[in-house]
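Every chain is numbered from 1, with letters handed out A, B, ... down the list of sequences.
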Number of protein chains: 2
Amino acid sequence: MEELATQFKALSDPARLKILDFLLEPDRSRCTREEGVCACDVEGVLGLSQPTVSHHMKLLVQAGFVTAEKRGRWAFYTINPDAFRVLAGSLEKYHLAPVLAYCC
Amino acid sequence: MEELATQFKALSDPARLKILDFLLEPDRSRCTREEGVCACDVEGVLGLSQPTVSHHMKLLVQAGFVTAEKRGRWAFYTINPDAFRVLAGSLEKYHLAPVLAYCC
DNA sequence: GCAACATATTGACAAATTTCGATGCATCGA
DNA sequence: TCGATGCATCGAAATTTGTCAATATGTTGC
């Protein structure tokens, strides 16, 4: 319950949603490296300071939505689809089953 | 984008998640009325003050997750499954399609 | 009409969040 | 080895959020 709230909180900021969209479909002209999306790329896309980006990335990683891999001096980030799958699953009870309240 | 963030924010508090679970499967022994779940019932379940509950209900209604119907002096609340369906849909892109980043 | 009750709103306060500049820590290239 | 680069952390400021007491609004029953 607490953890679920934490996950939703990680998604409750427009900057972090922008980050996720960029990680999903990175505009390669905005990426400094061939190997993937690094923190400094995100900085450019969001127009936010480096510490702020670092903070947002930390929250996304802690919530499990993003995986960080440190290579050399760069940190490369990728979407973790499983976390979104699980989260979508935890929403199902609110819409999949017919809502049974006060009917049987 | 902003609106999506607002929706996630509405789900980012443990008290509000508890409210949703209670609305989904109300313990009828905790409901003062036969007709449904009213705000005062939620008060008892959460152990929060009446203004606080009113505030949480307002956020859930504004986000579209809960529908409020005022009847007499009571306000009855129900889950709105469609809102959850749409939200789950907006998560799909992060896990449904293969993540294409840097592969084509 | 009046008293009791359910809910909403207001005002206040503490805690959490977002943001940045400054600083520290690795790592790479020359 | 040294300077430059990328990222993390710290400390602080501004804003937002969660909570409650007090009050207001509206409805029911007598």
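- In this structure, the side chain of B/S54 does not engage the main chain of B/P51 through any donor-acceptor pair within 3.5 Å.
- Rounded to whole angstrom, the span from the CD atom of B/E69 across to the P atom of C/dA8 amounts to 13 Å.
- Each of C/dA4, D/dA8, C/dC28 was ranked by its minimum atom distance to the side chain of A/R73; first place goes to C/dC28.
- When the P atom of C/dT27 is taken as reference, atom CZ of A/R33 falls 15 Å away, rounded to whole Å.
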- Message: Generate the contact string for nucleotides 17-25 of chain C. Rules: B means base contact, S means sugar-phosphate contact only, - means no protein heavy atom under 4.0 Å.
- Response: SSBBBB---
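- As rounded to whole Å, 13 Å separates atom C1' of D/dA8 from atom CE of A/M57.
- The main-chain N or O of B/T32 is found under 3.5 Å from a side-chain atom of B/D41 such that the two form a donor-acceptor pair.
- Between B/Q7 and B/A63, the shortest heavy-atom contact is NE2-O, 2.8 Å.
- A distance of 10.5 Å separates CZ in A/F65 from NE2 in B/H95, rounded to the nearest 0.5 Å.
- Among the protein residues, B/F76 comes within range of no part of the nucleic acid, since none of its heavy atoms lies under 4.0 Å from any strand.
- Here A/L20 contributes atom CG and B/K93 contributes atom NZ; the two are 8.5 Å apart, rounded to the nearest 0.5 Å.
- Summarising the geometry, the separation between CZ on B/F8 and P on D/dT17 is reported as 16 Å, rounded to the nearest angstrom.
- Atoms CH2 (B/W74) and C1' (D/dT27) sit 9 Å apart, rounded to a whole Å.
- OP1 or OP2 of D/dG26 has not a single side-chain nitrogen or oxygen of B/K70 nearer than 4.0 Å.
- Just one of A/N80, A/D21, A/L23, A/L87 meets the side-chain contact (heavy atoms from CB on, under 4.5 Å) condition when paired with B/Y94; it is A/D21.
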